[in-house]
Amino acid sequence: NILSFCKEKKIKIIINCIAITGIELCENNPKISKEVNYLIPLRLGKIAEELNIQIVHISTDMLFDGKYKKKYNEKNKYSPVNEYSIAKVNSEKFLLKYKKSLIIRSNFFGFSNSKNSTITEKLINEQKLKKNSFLWKDIYFTPMYIPILIFFINLLIKRNLNGIYNISSDECISKFNFGKKILKSVIENPRIFPNNFNKKFFTNRPRNMCLSNNKLKNKFPNHKNKLKFNYQKKCFLEDYKKI
């Protein structure tokens, strides 16, 4: 059906945003994780190749074991630690065989128009309900505000670029410090507290998921400022006020 639709509508690009990102759900249901996070991208990749069109695949920053002491770049070797990571790694490996694949690695925050709340929406809702919020202080990442992530994806598409690109902020920040900075910009005296990740209660995760954006910066030097976390936080606050 998708192939027929693409032919009929003369589709020139496929953008795959389909994923199951719940780590615990994927770990407990590896078949579902494989179906959604690997087999669907595989099928879409085959369709793109048959039609000789570009496919853009939204990947993840959870592709490595987190033992690396620096930010991960596009050339670091895979070292997945859970079912979600394995499926996402396999989808990247398959799609990279096709020359017109563009793989976007990122970890994003912002606002959602669906029933699935983002991390920022969950935090803000907890604070509005006068609840305490807890986030890990020992897991680090490089979050991107969704509208800015989309901005860079569009730039890559317009340049007709392929391969892997990390779209990540400059700041490697803990989940806790991220939450604290975001909440302080929108909530007065937020009740947010740090805790440590514990493998006894959660599926294993890499402690370091920070991505290097040097490749992206070199490609678009005029837009470096948009990759600063403080700039993204400012944009987030402006949008929050509108909402």
Side-chain angles (χ1 to χ4, degrees), residues 1-63 74 78 80 82-119 121 143-168 211 215-216 219-220 223 226 239 243:
N1 289 338
I2 294 173
L3 180 61
S4 297
F5 175 86
C6 289
K7 287 180 178 179
E8 179 186 345
K9 301 296 182 181
K10 298 181 180 179
I11 299 299
K12 296 180 180 179
I13 182 171
I14 295 173
I15 303 177
N16 176 40
C17 302
I18 296 172
I20 292 179
T21 58
I23 307 304
E24 310 303 324
L25 176 61
C26 289
E27 199 68 18
N28 295 326
N29 301 274
K31 289 184 179 179
I32 295 176
S33 178
K34 181 180 179 181
E35 172 69 28
V36 177
N37 293 327
Y38 169 57
L39 293 179
I40 288 177
L42 181 149
R43 295 176 190 129
L44 293 175
K46 288 181 177 179
I47 290 171
E49 187 170 13
E50 182 170 342
L51 298 174
N52 194 31
I53 62 175
Q54 187 182 37
I55 179 168
V56 179
H57 174 63
I58 310 301
S59 190
T60 180
D61 57 354
M62 196 179 289
L63 302 166
E74 290 83 353
Y78 298 112
N82 53 46
E83 291 293 337
Y84 169 76
S85 301
I86 291 169
K88 297 297 277 189
V89 164
N90 287 337
S91 64
E92 281 200 11
K93 285 182 176 179
F94 176 81
L95 290 171
L96 284 172
K97 297 175 183 177
Y98 176 48
K99 62 182 180 180
K100 291 188 177 181
S101 293
L102 173 61
I103 294 173
I104 306 297
R105 292 177 180 170
S106 193
N107 193 323
F108 46 84
F109 70 96
F111 303 101
S112 170
N113 60 1
S114 71
K115 63 181 180 180
N116 297 317
S117 297
T118 65
I119 180 175
E121 288 171 323
M144 281 293 298
Y145 185 41
I146 292 171
I148 301 174
L149 170 65
I150 293 170
F151 171 83
F152 280 105
I153 292 174
N154 278 325
L155 285 181
L156 292 167
I157 290 172
K158 288 175 182 178
R159 289 275 192 95
N160 199 31
L161 295 169
N162 302 308
I164 301 171
Y165 279 86
N166 294 339
I167 303 182
S168 56
L211 299 175
K215 182 179 178 181
L216 189 70
K219 192 64 66 175
F220 306 107
H223 299 294
K226 291 181 174 64
D239 289 342
I243 293 172

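Along the sequence shown, the residues carry numbers beginning at 1.
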Q) Cation-pi between Lys226 and Phe151: NZ/CZ under 6.0 Å from ring centre and within 45° of the ring axis? A) yes
Q) Are any of the side-chain heavy atoms of Tyr38 and Lys93 separated by less than 4.5 Å? A) no
Q: List the atom of Glu83, the atom of Ser33, and the distance in Å for their closest heavy-atom pair.
A: O-OG, 3.7 Å
Q | Tyr98 to Ile53 - nearest heavy-atom pair and separation | A | OH-O, 2.7 Å
Q | Atom pair NZ/CG of Lys10 and Leu51 - distance to nearest 0.5 Å | A | 13.0 Å
Q: Look at the side chain of Glu121 and the backbone N and O of Ser112, then say whether any donor-acceptor pair between them is shorter than 3.5 Å.
A: yes
**Q.** Sidechain-backbone polar pair: Ser59 side chain, Ile103 backbone, donor-acceptor under 3.5 Å
**A.** no
Q: Answer yes or no: is there a donor N or O on one side and an acceptor on the other, between the side chain of Thr118 and the main chain of Gly110, under 3.5 Å?
A: yes
Q: Tell me, with the steps shown, if Ile15 and Ile153 meet side-chain contact (heavy atoms from CB on, under 4.5 Å).
A: CA-CA 10 Å; Ile15 303 177; Ile153 292 174; 5.6 Å; no
**Q.** Approximate separation, where rounding is to 0.5 Å, of Ser91 OG and Ile58 CD1
**A.** 11.0 Å
Q) Is it true that a side-chain atom of Ser4 and a backbone atom of Asn1 form a donor plus acceptor pair closer than 3.5 Å? A) no
Q | Audit row: Lys7, Glu50, side-chain contact (heavy atoms from CB on, under 4.5 Å) steps and yes/no | A | CA-CA 10 Å; Lys7 287 180 178 179; Glu50 182 170 342; 4.1 Å; yes
Q. Where do Pro41 and Ile55 come nearest, in terms of heavy atoms and distance?
A. O-CD1, 4.5 Å
Q) Does the side chain of Asn166 come under 3.5 Å of the side chain of Lys215 through a donor N or O and an acceptor N or O? A) no
Q: Could you tell me which non-hydrogen atom of Val36 sits nearest to which non-hydrogen atom of Ile40, and how far apart they are?
A: O-CB, 3.7 Å
Q. What distance separates Leu44 CG from Ile2 CD1, expressed to the nearest 0.5 Å?
A. 5.0 Å
Q: Kindly indicate, with the supporting measurements, whether the criterion ring-ring contact (aromatic ring centres under 6.0 Å, His included) is fulfilled by Phe108 and Tyr145.
A: CA-CA 6 Å; Phe108 46 84; Tyr145 185 41; over 10 Å; no
Q) Is the closest side-chain heavy-atom distance between Leu25 and Ile32 below 4.5 Å? A) no
Q: Provide the closest heavy-atom pair for Phe109 versus Pro143 in the form atom of the first, atom of the second, distance.
A: CD2-CB, 3.7 Å
Q | Note, Leu102 side chain near Tyr165 side chain (heavy atom, < 4.5 Å) | A | yes
**Q.** Any Lys219 side-chain heavy atom under 4.5 Å of Leu155 side chain
**A.** no
Q: Measure from the side-chain N and O atoms of Asn37 to the backbone N and O of Ile20, and report whether any donor-acceptor pair falls under 3.5 Å.
A: yes
Q: Scan side-chain atoms only and decide if Ser85 and Asn82 contain a donor-acceptor pair under the 3.5 Å cut-off.
A: yes
Q: Using atom types as modelled and distance alone, determine if a side-chain donor or acceptor of Gln54 lies under 3.5 Å from a backbone N or O of Leu161.
A: yes
Q: Kindly compute the distance separating CD1 (Ile243) from CZ (Phe111), expressed to the nearest 0.5 Å.
A: 4.0 Å
Q.
With rounding to the nearest 0.5 angstrom, report the CZ to CG distance, Phe94 to Leu42.
A. 4.0 Å
Q) Of the non-hydrogen atoms in Ile104 and Leu156, which two are nearest, and what is the gap between them? A) CD1-CD1, 3.6 Å
Q. Quick one: NZ on Lys88 to NE2 on His57, what's the gap to the nearest 0.5 Å?
A. 4.0 Å
